[in-house]
Asker: 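Handing you a structure now.
Everything numeric in this text was worked out from a predicted model, so none of it was measured.
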Amino acid sequence: DVKVTQSSRYLVKRTGEKVFLECVQDMDHENMFWYRQDPGLGLRLIYFSYDVKMKEKGDIPEGYSVSREKKERFSLILESASTNQTSMYLCASSLGQSNSPLHFGNGTRLTVT
Amino acid sequence: QQQVKQSPQSLIVQKGGIPIINCAYENTAFDYFPWYQQFPGKGPALLIAIRPDVSEKKEGRFTISFNKSAKQFSLHIMDSQPGDSATYFCAASRSRRGFQKLVFGTGTRLLVSP
């Protein structure tokens, strides 16, 4: 089974802090994604990466950046956390084929106070 | 701008009932329509998917109906069970070489009562 592991289940940070969310997948998938999930808004794509060191903006990239230095690891960075970034963050990975299913981690619940 | 509209937001059915969740899309370039199922505390997982060259797809008790002209698709769960209680997300994407950029609906929280 594909395993996508997110480093923290819950995280509490203060406004203005720099926050790192880490994600690791163990199936040699080419693609990795970061989504945020908010009630009534569904899942919205923040950034994705289709290869090491390659990244592309999703629908809501403002206030975020990403890093993919190794194939198995994809990091989401909040440069200066704000309260409106309080959310559930989901990492996913998929094979490098069209319509290959996304495999999600169990999420990181981030609270910014 | 929401490109995939999902309804209802929540749904309660009795065991054995047939819940139906509907989605509508705007972008005619979309050519892949998956449904994801999410249990509390877990990430979403692919349940079933359809391409627009067919009008219906069944996998076990789950069926997708697809109406290309109306730009709508729906999920039907036959003989629903309490274990089907979860949040369901429809999604759509336009095939690109090597990856898919899914646009998700807002989700439907389904409760199947015993």
Asker: Do you reckon B/Ile48 sits in the same ILVMFWY cluster as B/Ile77, going by side-chain contacts under 4.5 Å, direct or chained?
Answerer: yes
Asker: So what's closer than 4.5 Å to chain A heavy atoms on B/Arg51: side chain, backbone, both or neither?
Answerer: side chain
Asker: Are the side chains of B/Leu102 and A/Tyr35 in contact, using a 4.5 Å heavy-atom criterion?
Answerer: yes
Asker: So, taking the atom named CG in A/Leu41 and the one named CZ in B/Phe104, what distance separates them when rounded to the nearest 0.5 Å?
Answerer: 14.0 Å
Asker: Tell me the closest heavy-atom pair linking B/Thr106 and A/Gly40, and the distance in Å.
Answerer: CG2-O, 3.3 Å
Asker: Side chain, backbone, both or neither: which part of A/Arg44 has a heavy atom under 4.5 Å from chain B?
Answerer: neither
Asker: For A/Asn31, which atoms come within 4.5 Å of any heavy atom of chain B: side chain, backbone, both, or neither?
Answerer: side chain
Asker: Please state whether the side chain, the backbone, both or neither of A/Gln37 comes within less than 4.5 Å of a heavy atom of chain B.
Answerer: side chain
Asker: Could you measure the distance from the NZ atom of B/Lys42 to the CG atom of A/Leu90? Nearest 0.5 Å is fine.
Answerer: 13.0 Å
Asker: Determine whether B/Tyr36 and A/Leu102 make a side-chain contact, defined as any pair of heavy atoms from C-beta on separated by less than 4.5 Å.
Answerer: yes
Asker: Tell me, side chain or backbone of B/Pro34 under 4.5 Å from chain A's heavy atoms, or both, or neither?
Answerer: neither
Asker: Let's test your reading of the structure: which of A/Asn106, A/Asn99, A/Asp59 forms the most heavy-atom pairs below 4.5 Å with chain B?
Answerer: A/Asn99
Asker: State whether the number of non-hydrogen atoms from other residues, nucleotides or ligands found under 6.0 Å of B/Glu59 atom CD is greater than 12.
Answerer: yes
Asker: Once rounded to the nearest 0.5 Å, what's the spacing between atom CZ of A/Phe33 and atom NZ of B/Lys101?
Answerer: 10.5 Å
Asker: Is it the backbone or the side chain of A/Glu30 that comes under 4.5 Å from a heavy atom of chain B, or both, or neither?
Answerer: neither
